[in-house]
Structures are given as structure tokens and as C-alpha cells.
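First the structure, in the form of C-alpha cells, and then the observations on it.
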Amino acid sequence: MKMRRIIIYSLVSYVLFVSSCFASDGKERELIHELRQLHLSELLDIVVLDDVFDIFDALVEVQKVSVATGQEQDIAHVPAVTSIITAQDIEAMGATHLDQVLETIPGLHVGHSTLSYNSQYFIRGIYSAQNVQTLLLINGIPLKSLFAGERQRVWSQVSLNQIARIEVMRGPGSALYGADAFAGVINIITKTALDINGTQVGTRVGSFDTYEAWAQHGKRYGDVDVGMMLNYYKTQGHNEILQADGQTHYDKVHGTQASLAPSDIPLQREMIEARVDLGYEPNYANHLRLRLGYQGQFDIGTGTGVNQTLDKLGYYDSETLSIDLTHTLTPESLNNWEFTNRISFRDTYYQANEQRVAPPGFKGVYAKGRVGIPYLAQTNTYLDFVAAYSGLTSHHIRTGLGYFYGDVDEISQFMNFGPDRNGKPIPVNTPHYVDLSDSPYTFISETARSSWYAFIQDTWNITDHLSLTSGLRYDRYDDVGSTFNPRLALVWQASDNLTAKLLYGEAFRAPTFSEIHIYSPLLIGNPNLKPERIRTWELALNYYLKHNVYLGANVYTYRISDGIQTYYDPEAQAKQEPTILNTGSYKGHGFELETRWKLNARMSLMANYSYQQSIDETANSDVGMLPTQTAYLRFDWLLGHHWYLNSQVHWIAGRKRAARDPRPETPDYTTLDLAFRYKKLEDSHWNVAFGVKNIFDETVKEPSVGINPSGFISIPNDFPMAGRQYFLELRYQF
């Protein structure tokens with residue numbers, strides 16, 4: 001009976017949609033729009049009740065993404081290699097952390113940094129210590145640290161309960177997004193009132209003293225839709241043992257016992273996240289959306305340490321406030337035009353509390369250890385103006401202008417070692433920390449950056465089955481110059497089920513503030529740095545077989561020039577010459593295969609395999625650190641009317657070492673995850689899940705960096721990752 005209502009509604013909605021397209025009178029269009037909104041709210045109630053577990057159709061159907069062009073298109077025809085993960089997918093797989101979601105994407109490997117084991121998202125084998133070549137967006141707005149280009153000082157993760165969907169584009173995206181859309185783009189889209197559709201509270205407990213609780217509410221009030229989300233998260237982190245760290249070597253040299261290794265790793269953290277999403281749509285052609293966000297991270301453990309030396313006394317805090325206002329206008333007086341204007345602001349502070357570069361007892365003389373207490377604040381402001389025009393036969397044109405201003409200010413630094421404000425050595429075991437703020441010896445001076453851009457993109461439907469997307473973007477920075485980045489994409493629908501794509505794109509990565517301005521005993525920044533450049537060719541095929549099987553394949557090759565490399569050169573340091581230069585040259589290639597198969601009404605299968613190789617031409621060796629091969633398998637099974645099973649297998653292999661690193665490859669591993677969910681909404685609002693990650697307690701390690709400037713390997717046994725872990729989740733929907 002309910003399915004019949006859905007079919008009837010769908011037909012009515014289709015008629016209303018077609019009617020709105022041909023409505024000539026503005027009031028008539030508004031009336032039809034209100035009717036569509038009314039039916040949509042009714043449909044939500046029906047679908048939630050009827051299709052509790054029906055994710056199988058979504059696994060093989062043609063979904064829509066906007067990350068590749070800025071406008072929604074079928075994923076099969078979009079001019080890029082893309083993936084999409086929905087909130088329904090996230091719930092079905094029993095994911096508890098964003099990393100677990102993103103590691104299901106072919107060609108994307110989740111790594112971890114030395115500092116606090118913060119997450120890093122490497123795409124297609126393109127590696128750097130700070131993971132600056134992958135652009136992460138939250139609702140289309142870049143998220144990164146101006147200081148070092150990474151995210152760990154300004155962001156932890158978005159709570160999965162607040163995510164509506166995630167869109168990932170593998171390959172260059174600077175023609176649309178500008179700087180740092182180098183290896184790929186990840187766009188996390190948070191929920192609106194329509195996605196929440198009511199009120200939900202939930203809690204999750206898990207291994208390693210992990211606790212999470214959330215509440216969210218979404219409802220439409222007249223012309224305004226209101227979404228509110230609040231999340232609390234706390235964990236002690238896994239208890240795997242680090243056998244040796246950087247201090248272990250010095251202990252052997254100096255006959256001391258200062259190292260804390262072997263020991264568990266300080267990975268504790270506490271996070272509070274809140275979001276408000278307000279939409280105002282007084283008529284069919286006018287839409288305003290305001291997003292407010294807050295994220296606070298507290299008592300964050302230092303992981304294997306800022307200097308790859310365990311530190312259980314230091315920790316850091318960070319808080320971020322974001323505001324995003326977007327206005328979309330489709331004026332009746334200008335047929336075929338759509339205008340989108342956006343202003344966004346993000347303010348972040350980062351405070352390290354007694355962070356130890358070396359532990360107490362270092363060289364047998366530092367009672368407190370070598371301690372640094374840095375503080376910095378960062379503000380980012382974006383202005384974007386985009387216009388889309390579809391009035392030309394067979395063409396859809398998008399063009400835009402934008403401006404960015406970012407600064408790092410309120411910098412302070414306290415130390416108990418190194419030079420003081422006058423350049424004289426700070427006495428060993430000084431009773432007070434020396435304030436180096438606003439002196440030549442702080443880690444970086446207050447600085448700012450501004451840039452502006454202009455882009456144009458045309459999608460030309462040459463025939464009913466052949467289209468060409470071309471685009472060009474110009475970015476101008478006040479400190480690192482200008483750059484042009486083109487893209488070309490030829491998409492051919494060879495048959496109703498088969499689509500082929502030939503893609504070319506260029507991208508750039510802007511030097512960070514630390515690469516330009518840093519001054520330390522080991523490094524001197526370079527104000528003459530140029531952006532890194534990449535050129536990529538791709539060939540992709542998408543094939544849908546009998547509406548229940550999807551097959552995808554792509555091959556790619558790329559070349560990177562002007563790579564920014566760091567040299568630890570005592571002679572250059574003595575001459576006050578830069579030790580960070582545009583001397584890197586890299587090339588890479590690989591392929592990705594994926595399939596989605598709806599076996600029957602109760603079972604589905606997903607799988608992907610990736611092969612990648614990246615060569616450092618300067619060192620004439622593999623870049624190392626990242627897997628050469630990865631494979632993923634997911635099986636979904638509706639056991640009964642309300643019981644659901646999800647199983648996932650991850651295989652990681654072929655992680656070679658970088659140049660001059662004599663260690664053997666990091667061992668391969670295979671893990672199995674299981675998640676059970678009971679979800680009955682017809683006469684109950686409860687949703688219960690239980691899951692086990694790494695069920696066979698497989699030993700999992702992430703590669704540590706190779707030989708350091710002092711000539712030894714700080715973490716010789718790599719970074720141990722979590723073993724077997726459990727979670728129990730409970731949700732209640734009002």
C-alpha cells in the first residue's frame with residue numbers, strides 16, 4: 001500500500017516538475033513550488049517507514065555529483081573520475097570515524113601524521129609529509145592551515161552524524177577550485193533540515209574509552225528550514241605500543257634513559273562540534289542559506305611527538321568558528337541565468353601546552369625536557385561570485401570571480417632552550433620559559449596572504465551522445481605570483497549503458513607560510529618559491545549492466561614539476577641561504593577498478609582494486625610510504641525484516657621505502673570488519689548497532705619517515721595502529 005503511494009507521489013511530482021519548467025507566470029511557479037514542497041515532506045515520511053534498509057538500489061543507480069563541475073550531473077557522465085558516499089551508506093557500513101568512510105574510495109589511502117596521528121588523505125600515490133596536495137572542502141569551502149598547509153592544527157573531523165554525503169574527485173581540480181586541488185578534492189556536505197527530517201538523539205560507546213553523543217533537529221517553518229546539530233566525542237586512543245622513538249637513539253649515544261619508549265602512545269582527545277543550518281526560500285527563484293559552525297578540540301595528545309619523541313605531558317587545544325552565507329538567485333527577468341554569491345569566514349586558534357621536543361632527562365641535564373609553547377591564530381575570508389548560463393544551444397556556461405584573504409597573527413612562543421630574544425643561548429634548566437614573541441627567533445612572524453581568481457567553464461553537447469567540457473582558471477597571489485590551470489574532458493555515451501571519458505587537467509599547489517617564512521636551526525624559508533605543478537591524463541569507462549551491476553575502470557598518468565623540497569644543508573644554513581627549493585620532479589601512473597552488484601533483493605556486493613606507482617625522478621626511486629596496491633570488498637545482507645549485516649575487507653600491499661631508507665617494505669595487511677544493525681521504524685523509533693573492527697586483530701602499521709637530518713631513523717618500527725575494537729550504538733528518532 002505504501003509503495004503504491006510512493007509510485008503515485010513520484011508521478012505527481014514529475015508532473016509538477018514539468019509544469020514548473022513551462023510555467024510562464026511567477027506566481028504560478030511559486031504555487032507549484034509550494035505544492036512540490038508539501039508532497040516532498042509527505043514522501044519523506046513514507047520512504048523512512050517503507051525502505052528502512054533499501055540501500056541496494058542506491059549502490060547501482062546513477063547518482064548525481066557536483067564536485068566535478070559545480071553543478072549536479074549524473075556520475076556516469078560527469079567529466080571527471082568521482083565517487084559519492086551518502087549518509088545511508090555511512091550508517092549501513094557501521095562507520096564511526098571519517099577515516100573508515102574515506103578508505104573505501106578506490107585510489108585513496110588514509111595515513112596518519114607524526115603529530116597526534118592526525119588523519120591524512122593521499123590520492124593516487126602523491127605523497128608529502130603534510131598531505132598538502134589533497135584539497136578538503138566543507139560545503140565547498142577549503143579547510144587547511146595557512147602555516148603548514150595541513151589540516152591538523154585547524155580541524156579534527158566532521159562528526160559522521162552531521163554528514164549528508166561526501167563527494168570525492170580523483171585527479172586535478174584547480175580549474176574549478178584553485179590552489180591545492182592537486183591530487184584530488186574531497187567535499188563533505190553537511191545535513192540540512194530536509195536531511196534530518198525530525199529530531200534524533202544518539203550515543204555510541206567503544207573500545208579505548210571512546211564515548212560519543214549527539215542530538216540533531218531539522219524542520220521547515222514556512223519559508224525557513226532549520227537544522228541544528230550538536231556532537232560530543234571523547235577517546236583515550238588505542239593502546240598499541242611504540243617500541244622505540246627518536247630519544248631511544250640519543251639514550252644509546254649519551255648513556256641516558258630519558259625515552260618513554262617502549263610505551264603506549266598519547267592519543268587522547270575531546271571534541272565538541274555544533275552546527276546551525278538555516279535556509280530561506282521565499283519563492284521558487286530565490287534561496288538563501290546560512291551555515292554556522294563551531295568545533296573545539298581539547299587535551300589532544302601529541303602522538304609520537306612533535307619531534308618523533310614520545311611526550312605524555314604536552315597536549316594542545318584548538319577552536320574554530322565558521323560562518324558561510326550563500327545566496328542563489330534565478331531571476332525571471334533574466335531567463336536561463338542563475339547567480340550564486342557566497343561569503344565565508346573561518347577563525348581558528350591553536351595552542352600547544354608545554355609541548356616537548358625532547359623528554360625530561362634529555363642529555364642528562366634538562367629536568368623538564370626541551371619545551372616549546374607555541375600559539376597562533378588564523379583567519380580565512382572567501383568571497384565568490386558565480387554565474388551559470390544555459391541559454392545557448394548545446395552549451396552550458398559557468399563563470400566566476402573570487403577573492404581570498406588569510407592571515408596568521410597573534411603568534412607567541414615560549415621556550416626553555418635555543419636562543420633568547422637577543423640571540424644568546426637560554427641557560428639549561430632555566431626556571432622560567434623565555435618569551436620569544438615578536439622576536440627574530442620565533443618560529444614564524446605574523447604574515448598574511450591575499451589572492452583573487454577568475455574562471456570560465458563550458459559544457460558543449462556536441463551531439464546527443466558526445467560532450468566536451470573545457471575550463472580555465474587564473475589565480476593571482478600577492479606573494480607567489482600567478483598561475484593558469486586548464487581542463488578538457490571529452491565524454492562519449494557509446495551506448496545506453498556504456499560511457500567513455502578522456503580527461504586532461506592541470507593543477508597547482510601554493511607554497512605554505514612555513515615554506516616561505518620559516519626560520520629555525522635546521523630550515524630557512526624561501527620567499528622566491530613558485531607553486532608546484534601537475535599535469536594529468538585520464539581515460540575512464542563506466543558500464544551499467546541490466547540495471548543491477550555497475551563496472552568502472554580508469555587509467556591515469558601524471559607528471560609533477562617544481563616540487564617543493566626541503567634540504568637540511570648546514571652550509572646553506574651558515575650562509576643564511578634558503579633550504580627549501582623548487583627542485584622536485586615526479587611522475588606517476590596507475591589504474592582503478594570498481595564494481596557494484598545487487599545480487600538480489602536482500603544482498604549486494606561492492607569491490608574495488610587500485611594500482612599506483614609514483615617515482616621521485618630527482619632521487620631516481622619510488623616515492624615510497626604509500627601502498628602500491630589496495631583492494632576493498634563490501635558485502636551487505638538484509639538478514640530479516642529488521643536485521644542488517646555489513647562486512648568489509650581491506651587489503652593494503654606494496655608500501656615501499658623512500659630513497660636512502662634501508663628498511664624492508666612495511667608489511668602488508670588484511671582486515672575484516674563486521675557491523676550488525678537492528679532498525680525498526682514502523683512502530684518503534686529505535687535504531688541499534690553493534691560492530692567489530694579488525695575482527696582478527698591483524699597487526700597494522702603505517703610507515704614512519706626515513707633517515708632524519710641527524711642520520712638515523714627516529715621511529716624504526718613504524719607507527720602501530722589500532723587492533724581489534726568494538727562499538728555499540730543507540731539512536732532514537734522522534
Side-chain angles (χ1 to χ4, degrees), residues 57-69 71-85 89 104-109 123-126 167-173 175-176 183-185 459-471 487-507 534-559 588-599 604-613 628-634:
D57 287 331
L59 292 176
V60 295
E61 70 181 4
V62 180
Q63 298 173 307
K64 292 184 179 295
V65 294
S66 59
V67 68
T69 61
Q71 67 189 67
E72 282 198 346
Q73 290 180 280
D74 289 347
I75 196 169
H77 302 141
V78 71
V81 177
T82 58
S83 301
I84 183 169
I85 302 173
D89 260 328
T104 68
I105 301 293
L108 191 157
H109 178 69
I123 297 177
R124 293 181 169 176
I126 297 176
E167 298 180 356
V168 180
M169 179 173 70
R170 284 110 68 197
L176 191 62
V185 179
T459 300
W460 176 24
N461 296 315
I462 303 172
T463 70
D464 290 341
H465 303 288
L466 185 66
S467 67
L468 175 66
T469 299
S470 56
R487 72 180 297 189
L488 288 171
L490 189 65
V491 179
W492 176 40
Q493 188 173 348
S495 68
D496 291 341
N497 298 327
L498 177 63
T499 303
K501 308 174 186 180
L502 179 62
L503 314 170
Y504 173 78
E506 298 183 13
I534 187 172
R535 294 173 174 83
T536 301
W537 285 94
E538 303 170 80
L539 177 63
L541 299 174
N542 300 88
Y543 184 65
Y544 288 86
L545 177 64
K546 296 182 179 179
H547 304 290
N548 67 334
V549 178
Y550 165 77
L551 301 172
N554 70 82
V555 295
Y556 60 85
T557 180
Y558 60 78
R559 183 171 291 275
H589 64 272
F591 64 89
E592 298 154 357
L593 307 173
E594 56 183 319
T595 182
R596 301 194 291 269
W597 181 16
K598 182 179 178 181
L599 301 171
S604 75
L605 186 71
M606 292 180 63
N608 63 62
Y609 170 82
S610 302
Y611 171 83
Q612 58 196 24
Q613 185 177 45
T628 303
Q629 300 181 80
T630 63
Y632 170 72
L633 177 67
R634 169 182 165 184

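Bear in mind the structure is a predicted one, so any value in this text is a computation, not a measurement.
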*Apply side chain to side chain contact (heavy atoms under 4.5 Å, CB included) to the pair N497 and L545, showing each step before the final yes or no.*
CA-CA 7 Å; N497 298 327; L545 177 64; 5.9 Å; no

*Hey, mind stepping through N548 and L599 against side chain to side chain contact (heavy atoms under 4.5 Å, CB included) and telling me if it holds?*
CA-CA 8 Å; N548 67 334; L599 301 171; over 6 Å; no

*Assess whether side chain to side chain contact (heavy atoms under 4.5 Å, CB included) is satisfied between I105 and I85, documenting all intermediate values.*
CA-CA 9 Å; I105 301 293; I85 302 173; 3.6 Å; yes

_Go through it in stages, so that I can follow the logic: the residues are D74 and T499, the test is side chain to side chain contact (heavy atoms under 4.5 Å, CB included), and I'd like the CA-CA distance, side-chain angles, deciding distance and then a yes or no._
CA-CA 11 Å; D74 289 347; T499 303; over 6 Å; no

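In this structure T82 satisfies the side-chain contact (heavy atoms from CB on, under 4.5 Å) test together with V65, V67, A68, I75, V78, A80, M169, sequence neighbours excluded. Applying the salt bridge (charged side-chain N to carboxylate O under 4.0 Å, His left out) criterion to E592, with sequence neighbours excluded, gives R124, R170.
Under the 4.5 Å side-chain criterion, counting only non-hydrogen atoms from C-beta, I534 is in contact with I126. Taking the side chain as every heavy atom from C-beta outward, K501 and V81 never approach each other to under 4.5 Å. Contact of the W537 side chain with the H589 side chain is not registered, since no non-hydrogen atoms from C-beta on lie closer than 4.5 Å.
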Please report, to 0.1 Å, the donor-acceptor pairs under 3.5 Å made by any side chain of residues 460-467, with sequence neighbours excluded.
unit_1: T463; atom_1: OG1; unit_2: H465; atom_2: N; d: 3.1
unit_1: T463; atom_1: OG1; unit_2: L466; atom_2: N; d: 3.1

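Taken to the nearest 0.5 Å, the CZ atom of R487 stands 12.0 Å off from the OG1 atom of T536. Taken to the nearest 0.5 Å, the CZ atom of F591 stands 10.5 Å off from the CD atom of Q612. Y543 OH to S495 OG: the interatomic distance, rounded to the nearest 0.5 Å, is 6.5 Å. Here the OH-CG distance, from Y556 to N554, works out to 8.0 Å after rounding to the nearest 0.5 Å. R559 contributes atom CZ, which lies 13.5 Å from atom CD of E506 (distance to the nearest 0.5 angstrom). With rounding to the nearest 0.5 Å, the separation of NZ in K598 from CG in L605 is 14.0 Å.
Pairing each heavy atom of V491 with each of P79, the nearest pair is CG2-CA, 4.1 Å. Among all heavy-atom pairs drawn from E538 and P172, the shortest one is OE2-CD, 4.2 Å. The shortest non-hydrogen separation linking V549 to W597 is CG2-CD1, 3.2 Å. Summarising the geometry of L488 relative to S470, their closest heavy-atom pair is CD2-CB, 3.6 Å, with the distance given to 0.1 Å. Contact detail for Q613 and Y558: the closest heavy-atom pair is O-OH, 4.4 Å. Scanning all heavy atoms of the two residues, the minimum distance from A607 to L633 falls at CB-CD1, 3.9 Å.
Side-chain atoms of Q493 do not come within 3.5 Å of backbone N or O of H77 as any donor-acceptor pair.
Residue T69 is tested with E72, Q73, Q71 for a side chain to side chain donor-acceptor pair (under 3.5 Å); the sole match is Q73. Considering T104, D89, N608 as possible partners of R634, the one that fulfils the side chain to side chain donor-acceptor pair (under 3.5 Å) test is D89.
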